[in-house]
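What follows is a single structure, written as structure tokens, with notes after it.
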Amino acid sequence: MVLVVAAAAVGGYMLFGPSDDAEYRLTTPTTVAGEYKRDGKGEKGDGKAFGDKKVPGMTTHADVSAEYKAGATKKLQLGGAYGSVENPAKAVDWVFEQTGKSLKTETGAKPKGRLGTYSPSGFDGDVLKCQEYKISSMSLAMCSWADSGTVGTVTSMILTSDGTSTEPVDLRKTAELTATVRKDALTEAS
């Protein structure tokens, strides 16, 4: 499945708190965004992403990832690492640079349109950007966010009813979905 390949390319990332001084961690809840159910177990690692690479300028405590689905057609991958991030904007740009290389090498995917910056309601991180990728007849959307303690990604696709293609990508809606998933997955550290 294309989404799984994209998820592998994205690796694990995450976030560290909204706009207060509390510390947060990323989890993989059984349900996110109201309708997406976790498919299998969530994974937890040592903070490395993209194989053995960590996000430059980020000191990570751990990373998590999980796959989700809603019905037979909606697929979503959540990944994140939490710790401290020196430069959130550079971290997000690095995520897209690495993802683009990995997707092209592993699937032949190419970015479509421009990488855009979004500010959906309810999002309180420093930066959130989204990009569409095209792989043959399939399109997927990836959004990445970061703040002073987190870097995270949501990759999603919606298959047509016959499963042979995907619905058109709406990056604004994917950004809103990402903000909701981020909120659902963020838990204050005890």
Side-chain angles (χ1 to χ4, degrees), residues 1-15 24-45 49-51 62-82 92 95-96 98-100 102-103 106-113 116 118 120-123 125 128-145 150-187:
M1 169 57 66
V2 172
L3 188 60
V4 174
V5 173
V10 170
Y13 300 99
M14 178 35 207
L15 31 118
Y24 291 82
R25 62 187 174 93
L26 183 66
T27 61
T28 54
T30 55
T31 303
V32 293
E35 64 176 332
Y36 286 87
K37 307 291 183 191
R38 194 176 63 215
D39 189 13
K41 296 191 316 182
E43 302 292 329
K44 185 170 183 179
F50 301 100
D63 66 82
V64 298
S65 63
E67 293 180 28
Y68 292 84
K69 59 185 177 182
T73 60
K74 294 181 178 180
K75 312 287 184 186
L76 181 150
Q77 170 77 24
L78 164 67
Y82 53 96
V92 167
V95 167
F96 280 102
Q98 294 301 310
T99 300
S102 296
L103 286 173
E106 296 172 22
T107 67
K110 295 181 180 176
K112 181 179 177 185
Y118 296 86
S121 64
F123 177 70
L128 189 154
K129 294 185 178 183
C130 301
Q131 175 74 61
E132 177 179 356
Y133 293 91
K134 197 86 169 140
I135 305 168
S136 188
S137 63
M138 303 285 192
S139 291
L140 63 92
M142 188 184 104
C143 292
S144 180
W145 75 89
T150 68
V151 178
T153 60
V154 167
T155 306
S156 71
M157 64 170 28
I158 302 174
L159 297 168
T160 54
S161 57
D162 62 7
T164 61
S165 187
T166 52
E167 298 289 340
V169 167
D170 184 330
L171 292 178
R172 192 166 302 283
K173 285 186 178 178
T174 306
E176 291 168 2
L177 174 65
T178 299
T180 302
V181 170
R182 174 186 183 267
K183 195 172 197 176
D184 291 342
L186 193 62
T187 304

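We number each residue from 1, following the sequence as shown. Quick note: numbers below take in every heavy atom, side chains included, and nothing from hydrogens, waters or symmetry partners. Since this is a predicted model, take the numbers as computed values, not measurements.
- For the residue pair Ala175 and Tyr118, the shortest heavy atom distance occurs at CB-CB, 3.6 Å.
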Query - Test side-chain contact (heavy atoms from CB on, under 4.5 Å) applied to Val154 and Val32, step by step - result: CA-CA 11 Å; Val154 167; Val32 293; over 6 Å; no
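- Taking both residues in full, the closest heavy atoms of Ser65 and Thr28 are given as O-CG2, 3.8 Å, listed atom of the first, atom of the second, then distance.
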Requested in this report: In sequence, state the C-alpha distance, the side-chain angles, and the governing distance for Leu140 and Thr166, and then conclude on side-chain contact (heavy atoms from CB on, under 4.5 Å).
Outcome: CA-CA 8 Å; Leu140 63 92; Thr166 52; over 6 Å; no
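- In plain terms, the two heavy atoms of Ala185 and Leu78 that are nearest each other are CB-CD2, 3.9 Å.
- Remark: Glu35 pairs with Ala70, Lys74 by the side chain to side chain contact (heavy atoms under 4.5 Å, CB included) rule, at least two apart or across chains.
- Thr153 approaches Ser144 most closely through the heavy-atom pair CG2-OG, 3.8 Å.
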**Report entry** Test log, rule side-chain contact (heavy atoms from CB on, under 4.5 Å), inputs Leu128 and Cys143
**Finding:** CA-CA 7 Å; Leu128 189 154; Cys143 292; 4.2 Å; yes
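- Leu26 contributes atom CG, which lies 8.0 Å from atom OG1 of Thr187 (distance to the nearest 0.5 angstrom).
- Checked against side-chain hydrogen bond (donor to acceptor under 3.5 Å, both in side chains), Thr160 has the following partners two or more places apart in sequence or in another chain: Asp162.
- Distance check, rounded to the nearest 0.5 Å: CD of Gln77 to NZ of Lys75 gives 12.0 Å.
- Scanning all heavy atoms of the two residues, the minimum distance from Phe96 to Gln131 falls at CE2-CB, 3.6 Å.
- In this view, Thr31 and Lys37 satisfy the side-chain hydrogen bond (donor to acceptor under 3.5 Å, both in side chains) rule, not counting sequence neighbours.
- Checked against side chain to side chain contact (heavy atoms under 4.5 Å, CB included), Lys183 has no partners two or more places apart in sequence or in another chain.
- The minimum heavy-atom distance linking Phe123 with Ala179 is given by the pair CB-CB, 4.0 Å.
- Residues satisfying the side-chain hydrogen bond (donor to acceptor under 3.5 Å, both in side chains) test with Ser139, not counting sequence neighbours, are Glu132, Lys134.
- When the side chain to side chain contact (heavy atoms under 4.5 Å, CB included) test is applied to Ser136, no partner is found at least two apart in sequence or on another chain.
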**Report entry** Worked verdict on Thr107 versus Tyr133 for side-chain contact (heavy atoms from CB on, under 4.5 Å)
**Finding:** CA-CA 11 Å; Thr107 67; Tyr133 293 91; over 6 Å; no
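- Taking the side chain to side chain contact (heavy atoms under 4.5 Å, CB included) definition, one finds that Lys110 meets it with nothing, sequence neighbours left out.
- Taking NZ of Lys69 as the start and CG of Leu76 as the end, the distance is 13.0 Å to the nearest 0.5 Å.
- Here the OH atom belonging to Tyr36 is positioned 10.5 Å from the OG1 atom belonging to Thr180, to the nearest 0.5 angstrom.
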